[in-house]
Amino acid sequence: MDKNKRREFLKNSAKLTTIATFASLGAFALNTSSKQDKTSKNSNNHTKGKTMEFVTLNNGVKMPILGYGVFQVKPKETQRCVEDAIEVGYRSIDTAQAYFNEAEVGAAIKNAMSGGIKREELFITTKLWINNYKEEKALKACEESLRKLGLDYVDLMLLHQPFNDTYGAWRALSKFYKEGRFKAIGVSNFYPDRIVDFCLNNEIKPALNQIECNPFFAQFEAQKILKEYNVAMESWAPFGEGKNDMFSNPTLSAIGKKYNKSIAQVILRWQIQRNIIAIPKTIRKERMIENFNVFDFALSDEDMQKIASLDNKQSLFLNHQDPQTAKFLIEVHKDKF
């Protein structure tokens with residue numbers, strides 16, 4: 001689709017979404033039925049519907065339970081991918097300083113808004129990288145993220161890793177939060193002990209923790225702790241990047257056939273029914289559409305348990321409690337920040 005046609009599509013999309021605008025977040029979809037989100041006292045509760053479900057964070061901000069992530073999307077492909085995602089119906093976009101594509105996400109947002117999408121309809125997340133954690137440096141890095149994204153505020157800013165001066169970085173995020181330039185602040189890759197420490201020793205506790213979660217690393221115990229402290233759970237790499245032959249797993253395949261859904265759709269539905277926010281990444285528009293089409297069915301309790309039985313309780317990627325992981329993350333982008 002050329003730029004003019006894409007802009008016209010976004011403009012028409014905006015006209016449709018305007019009629020379903022929510023008070024705090026805005027409307028969601030291209031083919032939406034304007035079903036009102038019902039706020040729950042439980043921060044992890046979500047509203048069931050055929051188009052989108054929302055999680056209410058512990059400060060009252062509503063966040064789509066399904067978003068689009070741009071981790072490992074090359075900068076030259078990012079703008080096109082984000083514009084495709086918005087066309088499909090996604091309104092939550094997740095990026096980070098360490099993905100080195102914030103500017104391209106910003107360009108896509110600008111194009112969408114020029115086509116009629118309103119800023120309040122979008123939910124934009126970015127993350128502060130570990131080498132920017134000293135408070136003064138963090139303040140400057142937060143300003144830089146806003147500049148690259150071309151935004152006056154982001155909806156959610158996260159500390160990307162649990163190392164370095166996390167408390168100094170949190171003070172910087174808290175300052176932007178109090179000024180209204182971050183609508184919510186949270187963390188990523190924080191294990192339960194770090195979450196408890198942060199919740200008990202900060203004036204503002206995290207609204208969300210973005211952690212690895214997939215059928216082979218289900219994070220049930222971590223979710224219990226997050227629920228206890230009223231911190232929403234978000235999943236990165238919900239498909240585990242296909243590791244352990246996830247996309248040919250016989251249990252997931254059988255469940256998918258039962259509902260006439262793909263394994264990817266079954267995995268996303270399993271997370272959504274656990275009240276977990278998911279941000280699957282793909283550069284293919286047809287996969288974006290497939291991943292988005294998960295609000296018209298529900299897994300039975302029996303099928304939820306079958307998927308839970310796949311849990312190996314081990315990360316498919318990194319153990320953040322391993323000293324070598326800490327060393328790797330501190331050094332991997334050190335020369336770029």
Side-chain angles (χ1 to χ4, degrees), residues 21-27 43 54-64 67-70 78 82 86 90-114 117-161 164-188 190 198-199 202-210 230-232 234 277 279 337:
T21 302
F22 289 101
S24 63
L25 179 60
S43 68
F54 292 79
V55 168
T56 302
L57 305 181
N58 59 24
N59 65 348
V61 169
K62 293 183 179 66
M63 180 176 183
Y68 175 69
V70 297
T78 298
V82 173
I86 292 173
Y90 294 85
R91 293 295 180 266
S92 178
I93 308 296
D94 179 279
T95 184
Q97 293 173 354
Y99 300 169
F100 305 105
N101 56 17
E102 286 178 307
E104 290 74 18
V105 170
I109 293 169
K110 182 179 180 180
N111 195 32
M113 291 173 64
S114 70
I117 299 293
K118 295 181 179 179
R119 173 63 184 92
E120 60 268 23
E121 296 174 29
L122 301 171
F123 192 102
I124 308 301
T125 300
T126 191
K127 310 175 196 75
L128 186 73
W129 184 243
I130 187 172
N131 301 117
N132 285 330
Y133 274 17
K134 297 296 182 181
E135 186 172 356
E136 289 303 315
K137 192 173 183 181
L139 290 169
K140 294 178 182 178
C142 288
E143 294 280 8
E144 182 68 2
S145 282
L146 288 172
R147 185 191 68 77
K148 286 182 177 179
L149 288 164
L151 299 173
D152 295 326
Y153 71 90
V154 296
D155 299 273
L156 179 64
M157 175 62 114
L158 306 179
L159 298 186
H160 205 154
Q161 303 292 346
N164 203 340
D165 184 10
T166 55
Y167 277 88
W170 192 251
R171 286 192 294 272
L173 265 61
S174 297
K175 181 178 186 295
F176 276 70
Y177 174 72
K178 290 177 179 179
E179 293 172 350
R181 293 196 285 172
F182 296 159
K183 298 302 180 182
I185 54 177
V187 296
S188 181
F190 275 47
F198 243 57
C199 287
N202 280 297
E203 175 191 0
I204 301 169
K205 69 180 181 180
L208 176 148
N209 187 18
Q210 185 183 114
N230 200 18
V231 178
E234 183 174 26
I277 300 160
I279 46 170
F337 291 97

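Quick caveat, the model's predicted, so the values are computed rather than measured.
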**Student:** Under a 3.5 Å distance rule, please check whether S188 uses its side chain to pair with a backbone N or O of Q210 as donor and acceptor.
**Tutor:** yes
**Student:** Given the rule in the side-chain contact (heavy atoms from CB on, under 4.5 Å) test, do Y167 and N202 qualify, once you have shown the distances and angles that lead to the verdict?
**Tutor:** CA-CA 8 Å; Y167 277 88; N202 280 297; 3.5 Å; yes
**Student:** Is there a side-chain contact between L57 and K62 (heavy atoms, below 4.5 Å)?
**Tutor:** no
**Student:** Checking side-chain contact (heavy atoms from CB on, under 4.5 Å) for the pair K127/Y99: CA distance, chi angles, key distance, verdict?
**Tutor:** CA-CA 9 Å; K127 310 175 196 75; Y99 300 169; 3.2 Å; yes
**Student:** Is any side-chain heavy atom of V154 less than 4.5 Å from a side-chain heavy atom of F176?
**Tutor:** no
**Student:** Taking atom types as modelled and ignoring hydrogens, do the side chains of E144 and N132 form a donor-acceptor contact shorter than 3.5 angstrom?
**Tutor:** no
**Student:** Please work out whether the ring planes of F190 and F198 are parallel, tilted or perpendicular, with thresholds of 30° and 60°.
**Tutor:** perpendicular
**Student:** Quick check: does any side chain N or O of R119 sit under 3.5 Å from a backbone N or O of Y153, one acting as donor and the other as acceptor?
**Tutor:** yes
**Student:** Please round to the nearest 0.5 Å and tell me the distance separating atom CG of D155 and atom NZ of K183.
**Tutor:** 8.0 Å
**Student:** Please determine whether side-chain contact (heavy atoms from CB on, under 4.5 Å) holds for the pair T125 and M63, giving the CA-CA distance in whole Å, both sets of side-chain angles, and the decisive distance to 0.1 Å.
**Tutor:** CA-CA 10 Å; T125 300; M63 180 176 183; 4.1 Å; yes
**Student:** Is a donor on one side and an acceptor on the other found under 3.5 Å between the side chain of E102 and the backbone of S145?
**Tutor:** no
**Student:** Mind listing the closest non-hydrogen atom pair of L158 and V187 along with its distance?
**Tutor:** CD2-N, 3.6 Å
**Student:** For a 4.5 angstrom cut-off between non-hydrogen side-chain atoms, does F337 reach I130?
**Tutor:** no
**Student:** Hey, are the side chains of K175 and C142 touching, using non-hydrogen atoms and a 4.5 Å cut-off?
**Tutor:** no
**Student:** Judged by atom type as modelled, is there a donor-acceptor pair below 3.5 Å linking the side chain of E135 to the main-chain atoms of R171?
**Tutor:** no
**Student:** Is there a donor-acceptor pair closer than 3.5 Å between any side-chain N or O of R91 and the backbone N or O of I86?
**Tutor:** yes
**Student:** Does K134 use its side chain to pair, donor to acceptor, with the backbone of N164 at less than 3.5 Å?
**Tutor:** no
**Student:** Report the distance from atom CD1 of I109 to atom CG of L151, rounding to the nearest 0.5 Å.
**Tutor:** 4.5 Å
**Student:** Which residues pass the salt bridge (Lys or Arg N to Asp or Glu O under 4.0 Å) test with K178, sequence neighbours left out?
**Tutor:** E203
**Student:** Nearest 0.5 Å, what's the NZ-CG distance between K205 and N59?
**Tutor:** 11.0 Å
**Student:** How about Y133 and Q161: do any of their side-chain heavy atoms sit closer than 4.5 Å?
**Tutor:** yes
**Student:** Atom CD1 of I93 and atom CG of L156: how far apart are they, to the nearest 0.5 Å?
**Tutor:** 13.5 Å
**Student:** Quick check for you: to the nearest 0.5 Å, what is the distance between I277 atom CD1 and L208 atom CG?
**Tutor:** 5.0 Å
**Student:** Is there a side-chain contact (heavy atoms from CB on, under 4.5 Å) between T95 and L149? Walk through the geometry before answering.
**Tutor:** CA-CA 10 Å; T95 184; L149 288 164; 4.3 Å; yes
**Student:** How long is the span from the NZ atom in K137 to the CH2 atom in W129, to the nearest 0.5 Å?
**Tutor:** 12.5 Å
**Student:** What heavy-atom pair brings L173 and G186 nearest, and what distance separates the two atoms?
**Tutor:** CD2-O, 4.3 Å
**Student:** Is any side-chain heavy atom of P206 less than 4.5 Å from a side-chain heavy atom of W170?
**Tutor:** yes
**Student:** Would you say N101's side chain and V70's backbone share a donor-acceptor pair under 3.5 angstrom?
**Tutor:** yes
**Student:** Looking at every heavy atom in both A207 and A184, which two are closest together, and how far apart are they?
**Tutor:** CB-CB, 4.3 Å
**Student:** Side-chain contact, heavy-atom cut-off 4.5 Å: I279 with E234?
**Tutor:** yes
